[in-house]
2 protein chains.
Amino acid sequence: MFNSIDSLTAFVHAAQLGSFSAAARHMGKSQSTVSEAISQLEIDAGVALFDRRTRQPTLTAAGTRLLSHAQHVLHSHAALRQQALALQSGEEAQLSIVLSDTFQSQAFETLLTAFAERFPLLRLECLVGEDDDVLALLRSGRAQLGVMRAQGRYQADVSAQALPGHTAMALYVGAEHPLAQAAQVNEAQLLQHRELRLSTYTSSPAGPHSPRCWLAPSYLLLLELTARNFGWAALPTWLAAQFGHGQLVQLNTANWPQATTLDLVWLRTAQLGPAACWLIEQLQHAGHTAAAR
Amino acid sequence: MFNSIDSLTAFVHAAQLGSFSAAARHMGKSQSTVSEAISQLEIDAGVALFDRRTRQPTLTAAGTRLLSHAQHVLHSHAALRQQALALQSGEEAQLSIVLSDTFQSQAFETLLTAFAERFPLLRLECLVGEDDDVLALLRSGRAQLGVMRAQGRYQADVSAQALPGHTAMALYVGAEHPLAQAAQVNEAQLLQHRELRLSTYTSSPAGPHSPRCWLAPSYLLLLELTARNFGWAALPTWLAAQFGHGQLVQLNTANWPQATTLDLVWLRTAQLGPAACWLIEQLQHAGHTAAAR
DNA sequence: CAGTTACCATCGGCTTTACCGATAGATAGG
DNA sequence: CCTATCTATCGGTAAAGCCGATGGTAACTG
């Protein structure tokens, strides 16, 4: 039968081994089964697949042509079965995680290579969000895991776990900004210039420091605005170092730079799959190398 | 059953239509068959594919993930069936043709686009050979069709058919060759310089014109040697025009350039498939535009 | 040149399963 | 509340997949 995977398997094995009997042994079936399966296959195809004049049946030209197609079918079918096996073992179908830009993605990538080996079929989605956006994405079910700046406290349905290491935040201006030349900058001076501040999609920002204030939803966008001298901003130092291209100047201000810890957060109500649990475990143990810059 | 294509078809249709009954109607089977097939599929997969709490069953996350794999299987299976259908209708599995470099390939390509549409699954192989190499490839079964310089007569097992149009052959030297400046060249002068002559793999060349003679198995290689001023050669004019890059000079000699007709040849004993017959027919009719430059 | 071995095709019988129609429970819409 | 439509389930039937046995054939061997 053309519609039976087993028939195609018999065909491919017979073609590769050059023997129906060997294919039957290989599949744990009787020789007559393989012979009949291939006969039926030839009836369905309307052409002979094997030349049986010799002792060892050899593929005909048509058989050669169909063999590659049959192998393709078997490959995709094997992928289907493997995916089913992964799902059967409880593996989630898709894992979405939200990362804050304060979390250095570069170090995270080494962990991802191990993740790809461990869960080769899992679809992974990486989102970027800050602060309450992260929590909103978790609550909406859009994501299962988040990495965000440590909040003082969380609502009852949120599990949080501190990641080892720190992320430093500092104040920056563009190289052409008036404050760029100042050796020391106090808070009064800051208030006289425009602040570039992180906003989130879900909530309006808390009372702005500066009366003149621009908002952007990502640190990368803030960095761009800062580099174009539109104002000063608090940015992760690693982001400024990696994407600042020397156009940023760090301000020397009291209480800055500040060290921030990162929290790994997830919903207490959502039962996490093995991939999410594996990620959590890896992040909190090998996380030393991932979070420390 | 995971091993049945029909089950996967039922699964995919049900997922796309959002209804087992609709899928059953679409497949010409009863509703219970589809229901049982998907049930069995879920047992094999070990996960639920559909969420049946609502009236219209909707895919679960695992079902969504498996759906794409199942579709992939069905696509490759459809390709298999289509190939089988093509072979069943008598279409050859592979067509190999040998083209002489005297046949302008550029014009041939327009014919090939039509060929690709007419026989989308056929594997086509284009070989290059000259004179008796073409016939040797036909006899060995390596190729089914050949285009070569018209020979005076052929052996009994070869069918030959003149292609409309002509191919001009002319004598060339490189721009730096001693003969390049001559307004007129006679045969005695030619004999004083090295001839670059076409040889074939199968037979030693007929008595050379020139006592100093280099041999090469393809016109393109001859052209290269000529351009480097190693001697004079008889080349197809279209080849010299297209690949000579202005480095070739055509000699003004009695009896040159010569017009050569091309023959389409095949073995009388080999029964040709529809694709080969189609090509023969196209070449001798629409061949006007293909062979005429 | 037999003898042997391994191979394939075929047949009868058994088991499995794919399929259908009927039926019952459930859900959305009038 | 009623109806139409959906899915799940059950029993019966036809088909298929599968096996073991048998016979014929090609290659190897002494």
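Given the structure is predicted, the values throughout are model-derived calculations rather than measurements. Chain letters run A, B, ... following the sequence lines, proteins first and then strands; every chain starts at 1.
A straight line from CD of A:Gln31 to C1' of C:dA6 spans 11 Å, rounded to a whole angstrom. One interatomic measurement links the two molecules: CD of A:Glu42 to C1' of C:dC8, which rounds to 12 Å at whole-angstrom precision. Residue B:Phe50 contributes atom CZ, which lies 14 Å from atom C1' of D:dC6 at whole-angstrom precision. A:Lys29 has its NZ atom 13 Å from the P atom of D:dG20, to the nearest Å. Whole-Å rounding puts the A:Ile38 CD1 to C:dT10 P distance at 13 Å. Rounded to an integer number of Å, the gap from CG of B:Asn3 to C1' of C:dT16 is 14 Å. Rounded to whole Å, the distance from CG on B:Leu41 to P on C:dA18 is 11 Å. Following rounding to the nearest Å, B:Glu36 (CD) and C:dC20 (C1') show an atom-to-atom distance of 9 Å.
Looking at residues 16-25 of chain A, you'll see that no heavy atom sits under 4.0 Å from any atom of DNA chain D.
A donor-acceptor pair is defined here as one N or O able to donate and one able to accept, closer than 3.5 Å; no such pair exists between the side chain of B:Ser7 and the backbone of B:Asn3. For the pair A:Gln151 (side chain) and A:Asp132 (backbone), a donor-acceptor distance under 3.5 Å is absent.
By the salt bridge (Lys or Arg N to Asp or Glu O under 4.0 Å) test, A:Asp6 pairs with A:Lys29, sequence neighbours left out.
Closest heavy-atom contact between A:Ile38 and A:Ala14: CD1-CB, 3.7 Å. Smallest separation of non-hydrogen atoms from B:Arg149 and B:Tyr154: O-OH, 4.1 Å.
For the pair A:Thr33 and D:dC18, the criterion of a side-chain N or O lying under 4.0 Å from OP1 or OP2 is not met.
Ranking C:dC19, C:dA22, C:dC11 by closeness to the A:Ser32 side chain, first place goes to C:dC11. For A:Ser35, the side-chain atoms get nearest to C:dC8 when compared with the rest of D:dC6, C:dC8, D:dG20.
The 12-atom threshold is not exceeded at CD of A:Gln271, counting heavy atoms of other residues, nucleotides or ligands nearer than 6.0 Å.
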Using atom names, set out every protein N or O paired with an N or O of nucleotides 25-28 of chain C below 3.5 Å, distance rounded to 0.1 Å.
residue: C:dT27; atom: O2; partner: B:Arg55; partner atom: NH1; Å: 3.1

Give me the distances for all protein-to-nucleotides 13-15 of chain D N/O pairs that come in under 3.5 Å?
none

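Aromatic ring pairs are classed by plane angle as parallel below 30°, tilted from 30° to 60° and perpendicular above 60°; the pair B:Phe115 and B:Trp278 is tilted.
Under the side-chain hydrogen bond (donor to acceptor under 3.5 Å, both in side chains) criterion, the residue pairs touching residues 58-71 of chain B are A:Gln83-B:His69, with sequence neighbours excluded. Residue pairs meeting the side-chain hydrogen bond (donor to acceptor under 3.5 Å, both in side chains) criterion with at least one partner in residues 117-127 of chain B, sequence neighbours excluded, are B:Gln94-B:Glu125, B:Ser96-B:Glu125, B:Glu125-B:Arg142.
You'll find the side chain of B:Gln31 stays beyond 4.5 Å of the side chain of B:Val34, heavy atoms only. Two residues are said to be in side-chain contact when any heavy atoms from C-beta on lie closer than 4.5 Å; B:Ile280 and B:Leu272 meet this criterion.
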